Structure formats: structure tokens, C-alpha cells
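Working notes, structure below.
Note that this is a predicted model, so its numbers are computed, not measured. Just so we're on the same page: letters track the sequence lines, and every chain starts at 1.
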Amino acid sequence: MKWSEFFVTGEPLIYAADVSIVLTAIGIVFVLTYFKKWKWLWNEWLTTVDHKKIGVMYIISAVLMLFRGGVDALLMRAQLTVPNMKFLDSQHYNEIFTTHGTIMIIFMAMPFIIGLMNIVVPLQIGARDVAYPYLNALSFWLFFVGAMLFNIAFVIGGSPDAGWTSYFPLASKEFSPGVGNNYYAVALQISGIGTLMTGINFLVTILKMRAPGMTLMRMPMFTWTILITCVIIIFAFPVFTVALALMTFDRLFDTQFFTMANGGMSMLWANLFWIWGHPEVYIVVLPAFGIFSEVVSTFARKRLFGYKAMVFSIVGIAFLSFLVWVHHFFTMGAGAAVNSFFSITTMAIAIPTGVKIFNWLFTLRKGKIRFTTAMLWSLAFIPNFVIGGVTGVMLAMAAADYQYHNSYFLIAHFHYVLIAGTVFACFAGLHYWYPKMFGHILNERLGKWTFWLFMIGFNICFFPMYFLGLMGMTRRMYTYSAGLGWTPLNVVATVGAALMGIGFIVLCYNIYYSARYGERDMTGDPWDGRTLEWATSSPVAHYNFAIIPEVTDLDAYWVMKKTGKGLEIDEEKLKPIHMPSNSGRPFLISIAFFFAGFGLVFEWYTMAIIATIFIILGLILRSFDDDDGYYISVDEIKRTERLARKGA
Amino acid sequence: MAEVAHHYDEKMPLEYRTEESRLNILGFWIFLGAEVALFATLFATYLVLFQRTGHGPTAMELFKVKEVMIETLLLLTSSFTCGLAIHEMRRNRLKGLLTWLIITLLLGAGFITFEIREFIDYVHEGATIQTSAFLSSFFVLVGTHGAHVSLGIGWMILIIIQLLQRGFTPRTARKVFIVSLYWHFLDVVWIFIFTLVYLTGMVI
């Protein structure tokens with residue numbers, strides 16, 4: 001392979017990216033060296049097994065990926081603003097919509113959610129950590145190196161360009177000969193392994209590590225949604241693992257799974273992809289429902305309306321999520337009976353979802369509503385998500401879908417559910433739980449600016465796309481001619497996208513501003529919260545709870561505040577707390593995964609094999625590791641607790 | 001894991017005594033649930049593709065009863081000996097445990113040897129993983145199972161070394177128990193492969 005093939009060449013945008021990547025890397029190394037922070041980085045972050053720090057790293061990565069995916073989106077909107085635009089050529093456009101979709105789902109939405117669940121779930125159930133802290137670190141680093149591997153594609157070797165769904169035969173070696181789709185297959189595989197392990201980890205954590213008295217039906221709603229999400233992850237992700245492995249075999253070893261000759265069946269890919277892909281949608285949206293439930297209940301100062309109905313509807317949605325995958329390709333020709341079945345199951349999902357919408361509305365009814373930033377995101381979610389949901393039911397009608405399929409109507413629909421559902425929830429959750437992560441509150445004024453800019457921009461951007469779709473504009477077209485009459489609506493959409501971009505910049509500024517000037521949260525309970533995470537100090541002590549709380553009812557902390565029981569710490573009752581030791585191995589194993597993946601992408605098998613040997617070595621070392629962790633002494637707990645309480 | 005060392009329960013079998021062990025065993029059961037989904041997908045792929053033989057041989061032309069029967073007997077027996085190993089562990093006999101584990105391991109290695117020979121035979125007959133969709137799905141399904149067994153052998157060797165070094169502890173006992181769960185699971189998968197791939201392939 002020549003160097004000119006190894007590095008992507010010939011595009012001024014790419015050269016600019018090369019320069020900025022090199023400068024950023026030099027900048028990071030310089031800052032770390034200048035401020036002598038290498039040791040800090042290694043001890044506090046790279047080797048940590050603390051669920052709160054891992055959660056923070058997930059969220060930082062997710063925000064970075066939101067930036068990358070957002071730049072992709074803005075590039076696409078720039079190209080589509082006016083007809084016959086010459087900004088991007090068709091190949092570059094293909095690459096950008098592929099990476100936009102993949103990054104936003106796999107490397108932005110999911111890690112953001114997983115980051116929040118890492119921080120919040122152990123706190124909500126009154127646990128001191130997750131079931132497998134070491135595995136948790138490994139999960140994060142596998143996700144991270146998977147994301148990095150995917151992200152370097154556009155400067156080294158070339159991006160995948162067959163869409164985030166990478167349908168065969170287009171994604172086969174025959175029609176996509178470059179290494180781009182190898183990146184897709186390998187990078188998603190690596191981060192997918194991490195996700196599966198997270199699913200197992202949190203399922204066990206929630207099932208086994210709840211505080212005494214917290215029965216399943218006393219769990220906070222966010223924890224409930226994570227429990228169900230974990231079940232979906234555990235049964236959906238192996239399907240993706242297999243699908244990606246078969247894709248890798250087809251591309252690297254010339255097998256015949258999805259080929260056009262020798263018996264291969266390209267439609268099999270579409271089925272396998274969506275058997276994972278549809279549950280995946282619920283993996284990112286069910287936790288969003290959980291976040292909204294917490295926020296709405298807290299800021300309406302009311303117990304969540306219809307708690308049991310909420311639980312049953314999550315379970316119902318999770319069950320149905322595995323039975324709807326064909327609705328992504330009604331037009332593939334499965335026949336009327338099959339399409340009808342999947343049409344009905346798809347529409348059925350609207351029932352439990354509708355139950356949830358009404359429950360949120362009834363929670364708000366007669367509540368003492370406080371319009372915080374987190375609450376604004378949650379309130380905006382309801383109407384926006386309903387627009388997405390209703391158009392979803394329109395798409396679910398198989399016969400009508402022959403008109404809508406792969407048009408901008410569909411684009412508008414899924415952005416309405418994914419942005420108004422997941423992204424709004426991520427922002428709501430970020431504002432809501434920010435004090436627990438960093439000990440200060442995100443500035444509310446700037447937060448509301450972000451909210452209004454982003455929410456209005458979102459509607460200006462995506463609402464016109466419903467009409468563009470009905471006017472015949474199809475997804476993934478890189479340009480169009482002037483006579484089609486699509487120009488005005490496309491201009492409007494681009495303006496909306498720019499507003500969303502500005503909203504994102506305000507959010508980033510807010511993070512910086514609040515770190516310097518933000519209000520410190522001295523109480524640990526800035527929102528008058530209802531669940532156990534607010535019983536801890538902000539930021540949370542690394543052992544979470546000095547004494548594990550006893551739970552007697554739903555909204556455990558609210559009950560504690562009302563009855564006054566369990567709020568004070570009886571220093572006599574303190575015992576040494578056992579904690580797991582840090583380990584650098586998850587990080588190093590993941591680095592080996594990166595090189596193994598890189599070797600596979602370029603079919604440099606020697607490199608892949610050597611890296612795999614390092615992975616196996618890491619696993620063997622882990623097997624012989626008999627580190628039992630360490631104890632935090634009672635004195636140290638007393639000191640920490642007194643310090644935290646002095647502020648209160 | 002934060003509370004691992006407490007909740008030590010003397011009444012339970014050794015592998016269940018610590019909280020950490022109980023969590024790990026439950027987690028491993030759930031992992032096996034994910035493995036079921038993984039193999040189910042591979043089986044589904046195989047069943048979709050198995051009559052799509054292209055220009056290559058069909059299942060009926062290819063499969064050989066004798067080798068497959070030997071493989072099956074070896075693996076099923078190894079599951080039984082693995083059960084005996086756990087039985088010895090419950091009776092607190094380290095030597096018996098080690099003996100049966102090593103026998104299990106050898107039977108597993110025998111299984112793998114025969115499987116590799118079977119694969120080489122097929123390749124010599126011109127039936128490679130690239131020949132047809134049927135053969136791609138066959139090699140990947142059966143090969144994934146074989147890779148699992150190989151990994152299990154390596155894993156078991158590590159545990160045997162640890163048993164020799166440390167003897168019975170709640171930790172080594174838990175590791176033996178978990179690897180035995182894994183081993184029995186692979187046996188169950190093989191029963192499905194034997195039925196759905198080989199037996200079905202010889203009649204249809």
C-alpha cells in the first residue's frame with residue numbers, strides 16, 4: 001500500500017482536518033506536560049474503576065462525538081441549502097452521511113445515556129459501585145477505542161460510505177472496495193463488545209445491589225428503564241456482533257453470506273441489522289423516558305403518576321421492540337402478510353408509549369412546576385416527541401410506506417423521535433445531574449439560551465423536511481435541480497441547523513463558564529430531589545454512601561426528608577468500606593484492541609495477530625490477579641463526611 | 001463488589017460463599033443468555049442459507065457420519081466428566097477435581113482435533129468457506145462453537161494452574177464452577193449443531 005492510499009488526500013477540508021488533529025494532539029501533550037498532569041491523568045482517569053468517573057468520561061466522549069456528528073450534519077446542510085451546490089462531491093457526501101448516522105447513534109447517543117446511567121444508577125439504588133467495576137472500565141475503554149478507530153477513518157484510509165445501515169450488496173468489497181467499510185465492521189464490533197458487557201454489568205447491579213428495602217417496585221423510574229434497556233442490550237447486541245462478523249468475513253475472507261452469487265443473500269444483512277437496529281432505538285430512548293420521568297416528577301414536586309403503568313409500558317415496549325424490524329424495509333418485497341404483521345406490531349408500540357405520555361401529563365397536572373433548564377427540555381420533549389411518534393404511525397402503514405419510504409419524511413420522523421427523545425433527555429439529564437458529577441450547577445441562564453436556540457432551531461430544521469419528503473425529496477441525495485421547488489424549504493432547514501449549532505456552542509461555553517463561576521452545590525440536593533442520589537454530597541464521595549440507606553417507599557429520599565429519618569449519619573455505625581483497586585489493564589487491553597482492529601481494517605494480519613496476543617496476555621494476567629481491593633478506614637470516612645457536611 | 005468481603009456465608013457451597021462470587025455467577029448466567037442470542041443468530045443464518053449451495057456440494061454430499069459421531073461422543077462425555085469434577089469439588093477433593101478436569105480437557109482437545117480434521121477433509125474436497133453461502137454459514141456456525149471450545153480449554157488450563165498454586169479458595173472454586181457452566185453450555189449448543197446441521201443435513 002502506498003502512503004498516498006494510506007492517508008486520504010486531495011480535499012482541502014481533509015487537509016484542514018489533518019492540521020487540526022495534529023495541532024490538537026500537540027496541544028494536549030503540551031498542556032499535560034507543562035502542568036505536570038500525566039500522573040494525574042493516569043491515576044485519576046485512565047486507571048479508574050469508579051463508576052462516577054467512568055460516567056464522566058463517557059459523557060465527555062459523547063459530547064466530542066456530538067461535535068463530530070454535528071459538523072457532519074452542518075456540512076450536509078451546507079451542501080443541500082441550494083440546488084446544484086458544488087461544496088461536496090457525491091463521494092464525500094456519501095461518506096459524511098454514513099459517519100453522521102453511525103457516530104450519532106453508536107458513539108454519541110448510546111455513550112451519553114450509558115454515561116448518565118453509570119453516574120446515576122448506583123446512586124439511585126443506594127450502592128457503592130457497580131457489580132463489576134473492572135469490567136466497567138474495560139467497557140468504557142473498548143467503546144472509546146472503537147470510537148477513535150471509527151473517527152480516524154476519514155483521514156487514514158477513507159470513511160465508510162454505504163450508509164449507517166451499510167446494506168449489502170453496496171457494502172460488499174465488490175461495490176465498496178476501499179477500507180472504509182472495514183472500519184465500520186471492526187470499530188462497531190469493538191465498541192459493541194463494550195456495550196454488551198455494560199448491559200450485563202448493570203443488569204446484575206440493579207438486580208443484586210439495591211439498598212435494603214428497595215423492592216423492584218420501589219426503584220426510581222430511571223433505574224427501571226435502565227434495567228429493561230440492559231435486557232434489550234443483552235439480547236440485541238449479540239445479533240449485531242454476528243452480523244458485523246459476517247460482514248467482516250465477507251469483506252476480508254471472501255465468504256458468501258451477503259453476496260450476489262454462490263447462494264449469498266443480501267437481504268439477510270438487512271434483517272440481521274434491523275433485528276439489532278430496532279431494539280437499539282429503544283436502547284437509546286427508554287433511558288430517555290426514564291430521565292424525563294425523574295425530571296418531571298422532581299420539578300412538578302409530585303410523585304410520578306401511574307408508576308406501575310409506566311413500568312408495564314416499558315416492559316411492553318421492550319417486548320414489542322423485537323417484533324417490528326421489518327418495518328424498516330416494507331418495500332423489499334416480503335409480501336402482504338408479513339408486512340401486515342409488522343405494520344400492526346409497529347402501531348401497537350404507540351399504545352404503551354401513549355400511556356407514558358399521558359402519565360407525564362398527569363404528573364404535571366396540579367404540580368408546583370419550576371421551569372428549570374432540565375424541566376424545559378422535558379416539557380419540550382412531550383409535543384415534539386408526539387409529532388415524531390404520530391408520523392411514525394403514518395410510516396407504519398405498510399401500504400402508505402411505499403410513498404414515504406426513504407424520503408425526507410422519514411428523515412424528519414426519526415430525527416423528531418431521536419432528537420426530541422434522546423438528545424433532549426441527554427441535555428435534561430446533564431443539567432439535572434451535573435452537580436452530582438462536578439459539584440457545581442450548570443448556569444441556568446445560559447442553559448435556557450441553549451434550550452431555546454436548540455429547540456427552535458431543531459423545529460426549523462426538521463419540520464420542513466416532512467414537506468420536502470412529501471414533495472419527493474429522497475434521503476442520501478447529494479444535490480438536486482432548481483426546477484423541483486425544494487429550494488425555499490431547504491434554505492429554512494439549513495438556518496435551523498445553524499441555530500442548533502449555535503445552541504451547542506452556548507452549551508460548551510456554559511460548561512466552561514459554570515466551572516469558573518458556577519454556583520457551588522453545597523447541599524447535595526439543589527433541586528429538592530426525591531431519589532437517593534440526592535442523599536449524597538456533591539460531588540459524590542468515592543464510596544457514595546457512608547452508611548447504606550434503608551428504603552421504605554418509592555421516592556426514598558423524599559420520604560426521608562418528610563419523616564426526618566435516616567438523614568443524619570451516626571458516626572458510631574460507620575464501618576470500614578471495601579473498595580476495588582484501580583487497574584491500568586482495561587486501558588491497555590483496549591489499546592491492544594485498537595491495534596488489532598486497525599490491523600484487520602487494513603488486512604495487516606501480522607499486526608492484528610500480535611495485538612491479539614497482547615489482548616490474550618491481558619486476559620491471562622487478569623485471571624491470575626488476586627487483588628482484593630482495599631478498605632477505607634472509619635477515620636477517613638468521618639473526615640470526608642464532616643467536610644462535606646460543613647458546607648450544608 | 002464494594003461489599004464483597006462481607007456477607008460471607010458458611011452454609012453455601014464454596015463457590016457461592018462470597019458476595020463477589022454470587023454476583024459473578026449470576027453475571028455469567030446472563031452472559032450465557034447473550035451467548036444463546038449469538039448462537040441463535042448463527043443458527044438462523046445457517047437455516048436461511050443451508051440450501052443455497054451455489055455450485056458447491058450440498059450437505060448430504062459432504063457430511064460424514066463417523067467423524068461427527070466421534071466428535072459428539074467426545075464432547076458429551078467431556079460434559080459428564082466436567083460434572084464429575086464439580087461433584088468432587090463439592091466433596092472437597094482437590095485431587096479428584098483436578099483429575100476429572102484434566103480428563104475433560106483432554107476430551108475437549110480430542111473433539112477439537114477431530115473437528116479440525118473434518119474441516120481439512122472438506123477443504124480437500126473443494127468445500128471451502130468461500131465456496132457457497134451454505135458452506136460459509138456452516139463453517140462459521142460450527143467454527144464459532146469450535147473456537148469457544150478451544151477458548152474453554154485454554155481457560156481451564158489457567159484454572160488448573162491456579163488450583164495447583166492456591167488450592168481450594170472461594171475464588172478458585174467459583175472459577176471452576178463458572179468454567180463448568182460454560183462447558184455444559186457448549187455441550188448444549190453442540191446438541192443443536194448435531195441435530196440441526198448434521199442429522200438434518202444427512203436427510204434433506
Please classify the contact of B/F134 with chain A as side chain, backbone, both or neither, using a heavy-atom distance under 4.5 Å. neither
What part of B/Q165 gets within 4.5 angstrom of chain A, counting heavy atoms only: side chain, backbone, both, or neither? side chain
Using non-hydrogen atoms and a 4.5 Å limit, figure out which bit of B/L49 sits close to chain A: side chain, backbone, both or neither. side chain
Name the region of A/S623, side chain, backbone, both or neither, that has any atom closer than 4.5 Å to a heavy atom of chain B. both
Please classify the contact between B/T131 and chain A as side chain, backbone, both or neither, with a heavy-atom cut-off of under 4.5 Å. backbone
Centroid-centroid distance, B/F194 to B/W190, less than 6.0 Å: no
Determine, using ring centers only, whether B/F138 and B/F63 are less than 6.0 Å apart. yes
Engaged part of A/N544 at the chain B interface, taking heavy atoms whose separation is under 4.5 Å: neither
Determine whether a donor-acceptor pair (N or O, by modelled atom type, separation under 3.5 Å) exists between the side chain of A/R251 and the backbone of A/A171. yes
Using the side-chain contact (heavy atoms from CB on, under 4.5 Å) criterion, which residues pair with B/V48? Sequence neighbours excluded. A/M265, A/L268
Go through the atoms of A/L272 and report whether side chain, backbone, both or neither lie under 4.5 Å from a heavy atom of chain B. side chain
Which region of A/L619, side chain (C-beta onward) or backbone (N, CA, C, O), has a non-hydrogen atom less than 4.5 Å from a non-hydrogen atom of chain B, or is it both or neither? neither
Of all pairs that satisfy side chain to side chain donor-acceptor pair (under 3.5 Å), the ones with a partner from residues 50-65 of chain B, not counting sequence neighbours: B/K64-B/E125
Examine whether an atom of A/Y543 lies under 4.5 Å from a heavy atom of chain B, and if so say whether it belongs to the side chain, the backbone or both; otherwise answer neither. neither
